[in-house]
Amino acid sequence: MAVSGFEGFEKRLELHFFGDDPITFQLGLRKIDFESIQQVLEAVQCTVVSAVGNSYFDAYVLSESSLFVYPTKIIIKTCGTTQLLKSILPLIHYANQTGLTLCSCRYTRGSFIFPNAQPFPYTSFNDEVTYLEDTIPSNLCHRKASIMPSKSSSHSWHVFTAHSSITHHNHSHTHSDIDIFTMEICMTELDPILARKFFRPPGDGKTGDSAGKEMTELTGINEINPNAFICDFAFDPCGYSMNGMDDDWYSTIHVTPEDGFSYASFECVGSVNDNIVHVLRKVVQIFRPGTMSISMTCSNYSNEMLKKMVNAVEPLGLKCRSRAVDRFPAADMVVFQTFTARRRNV
C-alpha cells in the first residue's frame, strides 16, 4: 500500500427538493445557471470538464467525479480531498430562488484509502455528521447516521439521511418507486493489466473527450448498458470518468488506476426487473477487483435479488464475505455487501 496517493473513494450527496407550483417541476433545479453551478463547485474544489443533458436531467463530468441535476433532485459525488459538504448551503440558496425547498438529504461514502489526508470534517464520520446536523435546515427532522460494518475493519459504509415530515413524490422517475434502487459499487486492487487501459500514452495529442471515448470502447464500458448515451473523459496521464444517460436514469464510472491505490466505482439507478446480473458481470470483468463492495438503496429488497447478485460475481472469482442491512427514515433500506477475490495474483 502506498504511503500516500490519490483518494479514489468518493463522498456522495443526494438532495431532494419540493415546491407548490407544478410548473416548477418541469425544469426546477435545471434553471440554475452554469455560472452558479461553477461557484458551488469552486467551494467544493473541483471544476466541470464535460457536460451533457437530455429531456430529463443534466450530467456533468467533474475534475473529481460527477454531478447530476434533475428538476427536483441533485446528486454530486466527489473524490480526492474535495470539500463536498460545502455545496449544501449554496445549493439550497439557488434552489430557493427557483421556488424549491429542501425535503431530504442523503450522504454516503466508503472507507478512505488515505483517511489522514482528508481535511476537516472528513477526518471522521462523527465530524461529518456534526457538520451535516449543523448545516441542513431544521425541517429535516427525521435523521439517522449509521456505519454499516463488514468483516474487514478497514471497510465500512457510512450513511447519513435526513427527511422532512411531509411526504413528497419524486417527479424524476417514470417507474414505480417501489421497484427502483440505487447501486453503488466500490472496487480496489484492480487487475494491473486491465488498469493499464486507463493510462494515456505520453504525448498522444488527443483531447480528454476523444481519449475517453477510446477507453470506453477499448474496455467494454459501452457494453454495460448499450442503450445509454455516454459522456466520457480521460485524464492525463491516467484516470477516467464517464456519465451515462438512459432516459431518466443515470450511470457513472470513475477510475483511479495507479498501482498500490487503484480504485474504480460504478453507480447506477435501476429497476428490480432489469438484468442486474449482466451489469454486475460486465463491471467485474472490466476491472477484476481484489476487493469490492456493493451498496444498494431501495424501498424494499428480496433475498432472491441478493442471491442473484452473489451468483453473478462468484463465477468470476469473487466471494461474498459479509452483508449488513439497515433501515432509514422514509422507509429506505440500505444493503451493504462486501466481496474479495478467492485467489489473489501474487
Side-chain angles (χ1 to χ4, degrees), residues 9-14 16 65-66 68 73 75 77 104-111 144-152 155-161 163 170 172-173 175-188 224-225 228 244 246 248-254 263-284 286-287 289 291-314 316 318-340:
F9 273 93
E10 300 98 347
K11 314 167 183 94
R12 181 187 186 276
L13 182 69
E14 182 170 335
H16 289 252
S65 302
S66 290
F68 302 97
K73 174 175 70 176
I75 298 165
K77 60 189 299 183
S104 81
C105 167
R106 175 185 296 276
Y107 174 69
T108 56
R109 68 166 175 86
S111 297
K144 180 174 178 177
S146 177
I147 299 178
M148 302 180 69
S150 72
K151 285 187 175 179
S152 166
H155 204 124
S156 304
W157 193 245
H158 306 72
V159 185
F160 172 87
T161 66
H163 294 262
N170 186 333
S172 301
H173 290 297
H175 310 270
S176 167
D177 281 351
I178 296 172
D179 296 332
I180 302 298
F181 63 78
T182 301
M183 180 166 64
E184 299 171 69
I185 302 177
C186 301
M187 296 165 281
T188 56
I224 296 173
N225 178 2
D246 183 3
D248 56 342
W249 285 353
Y250 72 90
S251 58
T252 185
I253 290 175
H254 303 284
Y263 172 84
S265 67
F266 171 82
E267 177 180 334
C268 71
V269 175
S271 162
V272 294
N273 302 315
D274 290 345
N275 189 355
I276 192 170
V277 171
H278 166 77
V279 171
L280 282 172
R281 287 184 66 86
K282 282 303 298 180
V283 170
V284 171
I286 289 166
F287 297 105
T291 303
M292 177 175 77
S293 70
I294 303 175
S295 170
M296 290 192 68
T297 303
C298 49
S299 297
N300 209 342
Y301 74 95
S302 67
N303 288 325
E304 181 188 356
M305 183 171 71
L306 298 181
K307 190 175 179 182
K308 270 186 185 178
M309 294 168 69
V310 172
N311 290 342
V313 300
E314 286 207 331
L316 300 175
L318 289 171
K319 181 170 176 59
C320 185
R321 304 294 182 181
S322 69
R323 178 179 296 156
V325 181
D326 207 344
R327 184 178 289 278
F328 292 83
D332 277 344
M333 304 284 293
V334 176
V335 184
F336 176 59
Q337 299 179 93
T338 62
F339 300 78
T340 58

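What you see is a predicted model; the values in this text were computed from it and never measured.
Within the model, atoms CE of M187 and OG of S265 stand 7.0 Å from one another, a figure rounded to the nearest 0.5 Å. Between E314 atom CD and C320 atom SG the span is 7.0 Å, to the nearest 0.5 Å. Distance check, rounded to the nearest 0.5 Å: NZ of K11 to OG of S65 gives 9.5 Å. Note that CD1 of I286 and CZ of F266 are 8.5 Å apart. Values are rounded to the nearest 0.5 Å. Taken from CZ in R327 to CG in D332, the straight-line distance is 9.0 Å, to the nearest 0.5 Å. Considering NZ of K282 and CG of L316, their distance stands at 10.5 Å, rounded to 0.5 Å.
The two residues W157 and C186 come nearest to each other via the heavy atoms CZ3-SG, 3.9 Å. D326 and S146 make their closest contact through OD2-OG, 2.8 Å (heavy atoms, listed as atom of the first residue, atom of the second, distance). Among all heavy-atom pairs drawn from C105 and L13, the shortest one is SG-CD1, 3.9 Å. Heavy-atom minimum distance, I276 versus M296: CD1-CE, 4.3 Å. When every heavy atom of A312 is checked against every heavy atom of R281, the shortest pair comes out as O-NH1, 3.0 Å. Closest approach of K144 to P329, counting heavy atoms only: CB-CD, 3.8 Å.
By the 4.5 Å heavy-atom criterion applied to side chains, I180 and S299 are not counted as neighbours. Within the 4.5 Å cutoff, the side chain of T188 has no heavy atoms near those of the P289 side chain. At a threshold of 4.5 Å between non-hydrogen side-chain atoms, the residues I253 and I224 count as touching. Using a 4.5 Å heavy-atom threshold, the side chains of F339 and M309 count as separate. Q337 has its side chain out of reach of S150: every pair of non-hydrogen atoms, C-beta onward, lies at least 4.5 Å apart. In this structure, Y250 and E267 have side chains that are in contact, with non-hydrogen atoms separated by less than 4.5 Å. Counting heavy atoms from C-beta on, the side chains of M292 and V283 never come closer than 4.5 Å. Counting only heavy atoms from C-beta outward, the side chains of F336 and V159 never approach each other to under 4.5 Å.
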(Q) For a side chain to side chain contact (heavy atoms under 4.5 Å, CB included) check, start with the C-alpha distance between V284 and I185, then their side-chain angles and the critical distance, and finish with the verdict. (A) CA-CA 10 Å; V284 171; I185 302 177; over 6 Å; no

Residues T297, T108; criterion side chain to side chain contact (heavy atoms under 4.5 Å, CB included); working and verdict
CA-CA 11 Å; T297 303; T108 56; 5.8 Å; no

**Message:** One pair to check against side chain to side chain contact (heavy atoms under 4.5 Å, CB included): R109 and F9. What are the steps and the verdict?
**Reply:** CA-CA 7 Å; R109 68 166 175 86; F9 273 93; over 6 Å; no

task = Please report the C-alpha distance between R106 and T182 in whole Å, then the side-chain angles of each, then the deciding distance to 0.1 Å, and finally whether the side chain to side chain contact (heavy atoms under 4.5 Å, CB included) criterion is met.
result = CA-CA 12 Å; R106 175 185 296 276; T182 301; over 6 Å; no

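Between the side chains of T161 and H163, no donor-acceptor pair of N or O atoms lies under 3.5 Å.
The only option from R12, K77, H254 that meets the side chain to side chain donor-acceptor pair (under 3.5 Å) definition with S66 turns out to be H254.
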